[in-house]
Amino acid sequence: MKYEHKKIEPKWQQAWEEKGVFHAENNSEKEKFFALIEFPYPSGQGLHVGHPRPYTALDTVSRKRRLEGYNVLYPIGWDAFGLPTENFAIKNHVHPEVVTKNNIARFKKQIQSLGISFDWSREINTTDPDYYKWTQWIFLQLFKHGLAYKKEMSVNWCTSCKCVLANEEVVNGVCERCQSEVVRKVKSQWMLKITEYADRLIDDLALVDYPDRVKAQQINWIGRSTGAEVNFKTTFGEDLLVYTTRPDTLFGATYMVISPEHPFVEKYADKIENIDEVRAYQVESSKKSDFERTEMNKDKTGVKLLGVSAINPVNGREIPIYISDYVLISYGTGAIMAVPAHDTRDWEFAKKFDIEIIEVVKGGKDVNEEAFTDCATGVLVNSDFLNGLSVEDAKKKIIEYLTEKGIGHEKVNYKLRDWVFSRQRYWGEPIPIVKCDDCGYVAIDESELPLKLPMVESYEPTDNGESPLANMTDWVETTCPKCGKKAYRETDTMPQWAGSSWYYLRYTDPHNDKALASEEALKYWNNVDWYNGGMEHTTLHLLYSRFWHKFLYDIGVVPTKEPYSKRTSHGMILGENGEKMSKSRGNVVNPDDIINEYGADTLRLYEMFIGDFEKAAPWSPKSIKGCRRFLERYYNLQTIVTDGNFIRPELEKEFHKTIKKVSDDIENIKFNTAIASLMSLINSIYATEKITKEELRIFSLLLNPFAPHITEEIWSVCSLGDGLVAEASWPKYDESKCVEDTVEIVAQVNGKIKAKLLIPADCDNETAISLAKSDAKVTEAINGMNIVKEIYVKGKLVNIVVKP
RNA sequence: GCCGGUGUGUCGGAAUUGGCAGACGAGACAGACUCAAAAUCUGUUGUCAGCAAUGGCGUGUGGGUUCGAGUCCCACCACCGGCACCA
């Protein structure tokens, strides 16, 4: 009996599609289950074997859920705006729309050959005007609520993409996408106030089931810290406000540092005695890219401002002011009080510039040797009314004091910055705003949405930092929706993250032209029950979409505070050599080749069997053969099947245990051990040289979520029912049949194994111990010794501790 | 530097959360079938000693707790991911 996957797989894929068995219903009495994978960017390269891993994983869960009677929504779509498409279009003189269409067609064909149970009737595409109409609509709501604003600011500029980047898109000082140098550039940009949601983005993590590493990474990225702002007077009369997380060390502040960009310098340029030297330093540090600034962070530089000093508000002490690029203008107040005794960076700076180091927290080593930064153990000294207090108590007391005297107050700061939302490129959603000389930035009327991308001659980015749309005079020139005068359209487009920030909502009602989705659909399907995606999106897409969802909650569009109830993350599939799969490394494996040689079921099974789902695993062209062999052995069960509407007694326990194991393992994303248990079971079945129909039915159901085509085929060939996915239900196990009547236990003496024996599972302590002692080997080992202790661990072992 | 994680045969990886380490798969070796090969089937396969029964050693390193540690505690090493002059 030959297993011909090429005949079986397309046949069943077609049958499922024709019957629409994977279509989710919007008005259903059934309990819903919403499974989501990160929709792919349809690149020109097509799929590699890494793509199917998350798709298959949630397909396994979804197929199990359907068999359990749920109304399952497992959708897919295309995140199709983006630079690679645009760059390809420029290079080959094809419109990005055409490139996108072709890429999607290819991706779709590849994905469909995997037999994933996606509901293709809900397919979406972020570049479809009917879709991006609602992306633009959400932007307008953000704008109307003051959360989208335009600001002149220093931004990250990718020299190759000729486009600004969000902070999240800059990795090690280079562009996340093309690895080119990123420089600072002052530009007017659309910004989204994600910082307004910083606290909720942290606090509401308590409401969701995400892996700890994801939560930790988001919390880190948002970087909330609680400290105090303290006002220092200066001899110029103007005060300088500093931010510190260690207000308790205020008595140890021996100098102050302001960042090179701090406005104080310009304001008092004529009074600063060494202004030329200061200016030279400003120029020097402005030339450094962020990357260089980070690279050189070991070596502190700076210039002392001559002719001015600051006054420590708690002891009236005059301290010098420096400018140095180790203080950032974009965090806190751009100025710090420096306490070299208790801050490593201040300590390094003080050593280099020979500034006094005053110990105010005792408990560490000599502060002239190293800074003592531990907050848990120290006790305050040299600090007047704070002396003798712990760091924590001192913080409270000094904040009370500062507040009372009106010279400071408690303050929370975040590392998170607002989201730079405009891109100077063509292939993105137009920002639906016009600029009027009289009225400023004005939203276009919602009835004009979607604001479609105009056809242009050239989508080449311009060197002057303007979007390609800027040359489209006809399109750019318009009238102000408010006053009717001549006005100009915004020519920047939205970043790729826009369309993906809300796509999961569109799946619930993808063809709605009145709203992004109907209220009923949103109410029924929210939240996404299980969302699987890559770790690389933790501080990008995942954070952005949580932000948008919270905003939509605030304006009453969605009924829940969080978009995703549960998040899991898959490990990467690496090349055979253990390196990341990439074209340039030449280690890419194309799923088409695997499907051709072994079939989709083998590919799916191997992707789930390859290792721990959450960890990276190298592709092995040899190991996959084991999965193919297993499926062939399963296929050949049809040659030994016998009538029988029962599980044979000798296999009953193993069957029940396997049902339990597979059921639990799928829920706990332990697909590899679920498959291993099925392999063990088939080995046991072959040892008996036959299988009953009932046994084959159960086995097929358990295997179906992993290998849907072959199981459907066997279901049909062996007449197990009308159609597996159409009518069957997930097998149940009997807990009482999962436990053995007799168990094999180990008899140890002093922890060394002496014998193995079979005893009744419900055996009590004394019986078990005496049974063990009656074993010849055990008797010999304890002969003539004093028994100190006797231990029986139920169903596991007996240990007898003896001494001479 | 900070945060998170990992370390187990030749390889991918298991281990009911403190109870027989190495499930399952790959690879290798041997045998069966075959003129032969592939495929398939059967067996062996952590390591050292021994003809053997058997015994010693063994989960990155060093200590500890325990009748018992891959699992818990302390210290360290290596690697991976994230953040990084964030006051």
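Lettering of chains follows the sequences in order, A, B, ..., and the numbering in each one begins at 1.
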Does OP1 or OP2 of [N] have a side-chain N or O of [X] closer than 4.0 Å?
{"X": "A:Y326", "N": "B:A87", "answer": "no"}
{"X": "A:R633", "N": "B:U40", "answer": "no"}
{"X": "A:R629", "N": "B:A26", "answer": "yes"}
{"X": "A:S225", "N": "B:A87", "answer": "yes"}
{"X": "A:K661", "N": "B:C24", "answer": "no"}
{"X": "A:K622", "N": "B:A26", "answer": "no"}

Distance check, C1' atoms only: B:U45 and B:A84, in whole angstrom units.
49 Å
For nucleotides B:C80 and B:G12, find the distance between their P atoms and express it as a whole number of Å.
16 Å
Mind checking [X] for me? I need base, sugar-phosphate or nothing, with any heavy atom below 4.0 Å counting as a touch.
{"X": "A:S620", "answer": "nothing"}
{"X": "A:K754", "answer": "nothing"}
{"X": "A:E536", "answer": "nothing"}

Does the side chain of A:Y197 come within less than 4.5 Å of A:D199's, by heavy atoms?
no
Is A:T56 close to A:F671 at the side-chain level, that is, under 4.5 Å between some pair of heavy atoms?
no
Test salt bridge (Lys or Arg N to Asp or Glu O under 4.0 Å) on A:E348 and A:K300; report intermediate values, then the result.
CA-CA 7 Å; A:E348 284 165 7; A:K300 298 281 180 290; 2.9 Å; yes
B:G82, syn or anti by chi within 90 degrees of zero
anti
If the glycosidic angle sits within 90 degrees of zero it is syn, else anti. Tell me which applies to B:U17.
syn
To the nearest 0.5 Å, what is the distance between [atom1] on [X] and [atom2] on [Y]?
{"X": "A:K395", "Y": "A:D248", "atom1": "NZ", "atom2": "CG", "value": "6.0 Å"}
{"X": "A:T539", "Y": "A:I219", "atom1": "OG1", "atom2": "CD1", "value": "13.5 Å"}
{"X": "A:Q748", "Y": "A:L797", "atom1": "CD", "atom2": "CG", "value": "5.0 Å"}

For RNA chain B, which residues in residues 681-689 of chain A have a heavy atom at a distance below 4.0 Å?
A:N683
Parallel, tilted or perpendicular: which fits the ring planes of A:Y606 and A:W619, with parallel below 30° and perpendicular above 60°?
perpendicular
In terms of heavy-atom contacts, does CE of A:M572 have more than 12 from other residues, nucleotides or ligands at under 6.0 Å?
no
Nearest whole angstrom, please: distance from the [atom2] of [N] to the [atom1] of [X].
{"X": "A:D374", "N": "B:C2", "atom1": "CG", "atom2": "C1'", "result": "14 Å"}
{"X": "A:K351", "N": "B:C85", "atom1": "NZ", "atom2": "P", "result": "24 Å"}
{"X": "A:F630", "N": "B:A23", "atom1": "CZ", "atom2": "P", "result": "18 Å"}
{"X": "A:D346", "N": "B:A87", "atom1": "CG", "atom2": "P", "result": "12 Å"}
{"X": "A:L240", "N": "B:A87", "atom1": "CG", "atom2": "C1'", "result": "15 Å"}
{"X": "A:D343", "N": "B:G1", "atom1": "CG", "atom2": "P", "result": "16 Å"}
{"X": "A:K756", "N": "B:U54", "atom1": "NZ", "atom2": "P", "result": "11 Å"}
{"X": "A:L757", "N": "B:G19", "atom1": "CG", "atom2": "P", "result": "19 Å"}

Got a donor-acceptor pair under 3.5 Å from the side chain of A:K300 to the base of B:C85?
yes
Checking side chain to side chain contact (heavy atoms under 4.5 Å, CB included) for the pair A:V257/A:M337: CA distance, chi angles, key distance, verdict?
CA-CA 7 Å; A:V257 186; A:M337 64 174 215; over 6 Å; no
Using a cut-off of under 3.5 Å, enumerate the N/O to N/O pairs linking the protein to nucleotides 10-13 of chain B.
| residue | atom | partner | partner atom | Å |
| --- | --- | --- | --- | --- |
| B:G12 | O2' | A:I610 | O | 2.5 |
| B:G13 | OP1 | A:A616 | O | 3.4 |

Toward the 5' end of RNA chain B, by each residue's nearest nucleotide, A:T301 or A:F613:
A:F613
For A:T539 and for A:I336, find the nucleotide of RNA chain B with the closest heavy atom, then tell me which residue's nucleotide is more 5'.
A:T539
side-chain contact (heavy atoms from CB on, under 4.5 Å) filter on A:E576, not counting sequence neighbours, yields A:P621
According to side-chain contact (heavy atoms from CB on, under 4.5 Å), who are the partners of A:Q638, at least two apart in sequence or on a separate chain?
A:M1, A:Y635, A:I714, A:V717, A:C718
Counting only Watson-Crick and G-U wobble pairs with both atom distances below 3.5 Å, the stems of 3 or more consecutive pairs that include RNA chain B are B:1-7 with B:77-83, B:10-12 with B:24-26, B:27-32 with B:40-45, B:46-49 with B:54-57, B:60-64 with B:72-76
Is A:K660 salt-bridged to A:E667, going by a charged N under 4.0 Å from an acidic O?
no
Strictly by ring-ring contact (aromatic ring centres under 6.0 Å, His included), give each pair with a member in residues 743-769 of chain A just once, sequence neighbours left out.
none
